[in-house]
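Encoded as structure tokens, the structure appears first; notes follow it.
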Amino acid sequence: MSWTNIRLIVSREVRDQLRDRRTVFTIVVLPLLLYPLLGTTFLQMAQFLQEHPTRVLVLGAEHLPAAPPLLEDGQLAPELEQDDRLLELDVRASPSKTTPADVVGEAQRLIEQGKYDAVVYFPENFRERLEAYRARSDDEDAAEEAAQPPSPQIYFNAAKDKSRIAHDRVTALLRRWRELVVQRNLERHQVPASATEPFELALRDMAPETGRRAVVWSKILPFVVLIWALTGAFYPAVDLCAGEKERGTLETLLCSPARRSEIVWGKLLTVMIFSMATSLLNLASMGVTGAIILRQVEAAAPGGIALGAPPLLAVVWLLLALVPIAALFSALALAIAAFARSSKEGQYYLMPLLMITLPLMMLPMFPGAELDLGSSLIPVTGVMLLLKALIEGEYAEALLYAPPVILVTAGCCLLAIRWAVDQFNNESVLFRESERFGLVLWARRLVRDREDTPTFGQAILCGVLLLSIRFFASFLAAAPETWTDFAVSTLVLQVALIATPVLLMTIVLTRSPKKTLLLTAPRPLTLPAAVLLAIALHPLVVVLSKGIQMLYPLGEGTREQLTQITSILNEAPLPYLLLVLAVVPAICEELAFRGFILSGLRHLGHRRAAIVISSIFFGVTHGVLQQSLSACAVGVILGYLAIQTGSLLPCILFHMTHNSLAVLAGFLAPDAAERPWAEWMFQSVGDGEYIYSTPVVALGGAASLLLLMWLRGLPHDSSPEERRQHALEHQTAGAAP
Amino acid sequence: MIHVRELTKAYADLERGQVVALAGVSFDAHPGGIYGLLGPNGAGKTTLLRILSTMLQPSGGAATINGANVLTQPALVRRQIGFVSANTAVYDRMTAWEMVEYFGRLHGIPRENLTPRMEGLFDRLQMNEIRDLLGAKMSTGMKQKVSIARALVHDPPVLIFDEATVGLDVLVARALMSTVAELRDQGKCIIYSTHIMREVERLCDRVAIMHRGHILAEGTLDELRSQHGQDDLEELFFQLITSHDGPSRRRGEEAVRSFAGRNS
């Protein structure tokens, strides 16, 4: 790759974008106008809402006691007159001989018609009952008479915002009045008013003023920066890829000596520049507008929430985090935009991209979200949480989790960039032409044009299909209660819901089931090697899954389910247990994941990516997240085994051995304390749980390494795409003739 | 200079299934000559030239340009060719000078050599008045001139023109053809694809007549005329194509032709 070419491409693309009026408008002008505009609207709306008075109808005012007064001459009594301008009272005597039902009907009608926001009704005898209730405490005999305090009715409609506000205001008013009544009652009994408040709560917020500000900003700022980084990346990406395809200039660039990777890097850096610029301009514009609005709000109502400017250091952290995030979003946007045929098609892809990234950005906004090892491994979310910790000044914590966040983000960036480069190396993406599409045509073509092994798309489809079947099956099947239930549901899942669809797809979609499902005889030595590898790796896998469970502890519900299943399994006879948990899954899952799916994925041209994607599918089908992660790791080994041996048989043996050992360990380990020979193999980790002892794990690891090195040396087949990719990566070019 | 052996290209089409765009094409082209590819629309000319310019990968066969393999050494191949096609457009938001300069720089020409070279090119192609004009404001003819300047800026030994006169008026097309002839005289190896007989007659030293992914006939114009006993190139072209398509199709086309003849 030549840096000069990349720099040339970047400077051209940036100049090109800056000469485009639409881009300049969205990136520079829009944020500069948008926030002041939004701010003005907000201020006006807030004023409007605040000053909007509530209209309340008071019925039965004649039943009110004379003292303490609630109303005087149809107006609020002076003692209560705090927010009189917000309450517009309309006082009416209740018509004689009304039943409560009449009042309800009338109130409903009036609120429905919008004449009043709420109706307050003081029932007949309100005054007398109030008096009687007070007298109850003086006079034991009166107790019978007034067991219940009188209750004025407030009619409102919670489905209407205005009515809900009216409800709040009226309730607050009546509470204040009730306090007056209480005070009066106390006075009559010569009890001092202080008796109602025997102690007073003293609230002391330990957070410094800057800390309180940081908490608010640490939630808002990362979100604003990220969302604009994504938007700012998307539009230039569409213009630089799909737009150039449309205008015909992409082909001009492709026949220049610039390499595809240089073109992608050039475009990527351009998109990144715009992504960052959009984000920063929006941040600046929002900051300035926000500061002005806050000053106005504070001037209007002093003593409110004092949200000053964000700490300066926060801005520095944001700028630092913006670089990798912009890189990630730019690469994603570029790969997606490269796929689109036209700008219009490109715009359609914004929604799916948002649907994937938005939840990751929203996750850290939830109150309970904390930076820990688990959350730091989630892309985007980790960065946001790290930023939050940095802005809040929790440096020790941030420093601890910065490495995983940086690693994950860098990994995601590299993958996304790789994807973008692949898109540019894929002629069917670059020269996609519109063709007539029909479902029947498409289905016919699938069968007519099938190849020896499934295509990349079919492999992904198969994986997604298996996942969705599993997802729906998990709703249909009840939790097993007996061993027979468990065995039947496992066998149905494996045979009917995994193996059968895969075999059907193989027959319909491919020409050579033998090549697709790797049904070839392997070298004889690979079979014992596979078994040995499974045995050697087993202690490591156990350590790994224990480690994962420490990172992401099992939920209470899942733990209970697992305990229940374990107790069911303990009743089962061992041979059946091995059949259901080891033999059948080994065959069915290998046919699916190392057979159909891996064979299809190898059309990608990247062997490692094919292995990783197939093992992700393999992992996810295991349902529980903690199991998925370790299954994923085992899947990588299985994928490697399949490619190096070219046969499914070693994979089945490995899988069978691996599962059998898990079953057997469950039987052996609990008695470890009683068996002297098992003492050096197992060590207790408390709670009656055992893991392998360190020497066993180390020995297993060393043996696995040796076996894997031996496998690496085996001659193996490459797919045509992998051979081409290899040639491209090792081409002798660059120097002029 | 250019060796093409048994080049095939097939791609999947939803409606037609596996479509063979090139069915084993072989030919050689040499420096100082113009090799013409003559064929109707859909003959596979653009696919062939896109493979030679490394934008598409062949499904089978091999092609080398100046010794560089198009499949495994695409970057090296692209340094040796200048590609002008109806599909290689000009940037809308760049001036003629900026555009040519950009591609010159991508070819790694140092600035001090690039400016005199571009001055020469702009003089030769009479582009000085559009030097600072944005691509969006140019006429089709002006754009084609910029494309040619762009393809020539690194002085490549091989030039590929794919239907380069499409959409040009007679004056501009003539000027383009004289530029191509000049380049041949400078010793460039040129591939020139077209569906216009007169251009082939005026320019090409050797011609391959392509149809449906096959080369039906190949040779100098005189060889073709004597081999098929037909002096008129258009008649010869028509004969070859109809005999390749088979009798049933020939009857249909004859009917169309007689109908067209009556109406002309």
Side-chain angles (χ1 to χ4, degrees), chain A residues 2 4-5 7-9 11-12 15-21 243-244 246-263 266 425-428 430-431 433 435-438 441-442 444-446 448-449 451 455 720 723-724 726-728 730-737, chain B residues 9 11-18 47 49-57 59 66-69 71-94 98-99 101-109 134-136 147 150-151 153-154 156-157 160:
Chain A
S2 135
T4 325
N5 278 357
R7 212 175 47 210
L8 267 171
I9 295 175
S11 63
R12 193 212 81 82
R15 190 168 47 182
D16 195 68
Q17 288 298 308
L18 288 179
R19 282 181 186 173
D20 182 22
R21 239 174 276 163
E244 282 214 28
E246 213 169 18
R247 295 189 291 269
T249 46
L250 191 62
E251 209 168 319
T252 320
L253 187 59
L254 290 178
C255 68
S256 82
R259 292 192 177 198
R260 299 284 160 92
S261 51
E262 290 162 4
I263 296 177
N425 270 321
N426 188 341
E427 61 181 48
S428 58
L430 290 181
F431 296 94
E433 276 161 17
E435 50 185 359
R436 196 159 74 98
F437 185 81
L441 268 177
W442 176 73
R444 204 181 300 153
R445 192 199 122 188
L446 273 185
R448 184 188 55 206
D449 296 342
E451 292 171 37
T455 62
R723 280 196 292 272
R724 195 181 93 71
H726 182 82
L728 274 184
H730 295 86
Q731 61 177 320
T732 49
Chain B
K9 177 71 186 176
Y11 60 91
D13 183 274
L14 201 56
E15 225 166 316
R16 293 173 290 165
Q18 202 71 7
T47 308
L49 298 182
R50 273 184 176 164
I51 292 177
L52 291 186
S53 59
T54 75
M55 275 182 282
L56 294 181
Q57 289 121 28
S59 315
N66 218 359
N69 187 317
L71 190 60
T72 53
Q73 298 166 298
L76 191 52
V77 168
R78 286 198 296 270
R79 289 190 175 277
Q80 327 237 12
I81 58 168
F83 186 70
V84 178
S85 138
N87 298 319
T88 49
V90 168
Y91 287 113
D92 276 352
R93 302 188 282 257
M94 257 181 142
E98 285 168 345
M99 165 107 184
E101 189 185 28
Y102 174 52
F103 281 91
R105 299 287 310 280
L106 279 179
H107 275 285
I109 306 172
L134 283 180
S147 287
R150 187 259 306 152
V153 69
H154 57 300
I160 300 175

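Bear in mind that the values here come from a model prediction, so they are computed numbers and not experimental data. We name chains A, B, ... by the order of the sequence lines, and we start the count at 1 in each one.
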Which region of [X], side chain (C-beta onward) or backbone (N, CA, C, O), has a non-hydrogen atom less than 4.5 Å from a non-hydrogen atom of chain A, or is it both or neither?
X        : answer
B:Val90  : backbone
B:Leu134 : side chain
B:Asp92  : side chain
B:Tyr91  : both

Please flag which part of [X] lies under 4.5 Å from any non-hydrogen atom of chain B: side chain, backbone, both or neither.
X        : answer
A:Leu253 : both
A:Asn426 : neither
A:Glu262 : neither

Taking all non-hydrogen atoms of both residues into account, name the closest pair between [X] and [Y] and its distance.
X        : Y        : value
B:Ile81  : B:Pro156 : C-CB, 3.7 Å
A:Ala258 : A:Ile9   : CB-CD1, 4.2 Å
B:Asn66  : B:Pro157 : ND2-CG, 3.8 Å
B:Thr88  : B:Ser147 : O-OG, 3.5 Å
B:Met55  : A:Arg260 : CA-NH2, 3.8 Å
B:Glu98  : A:Arg15  : OE2-NH1, 3.8 Å

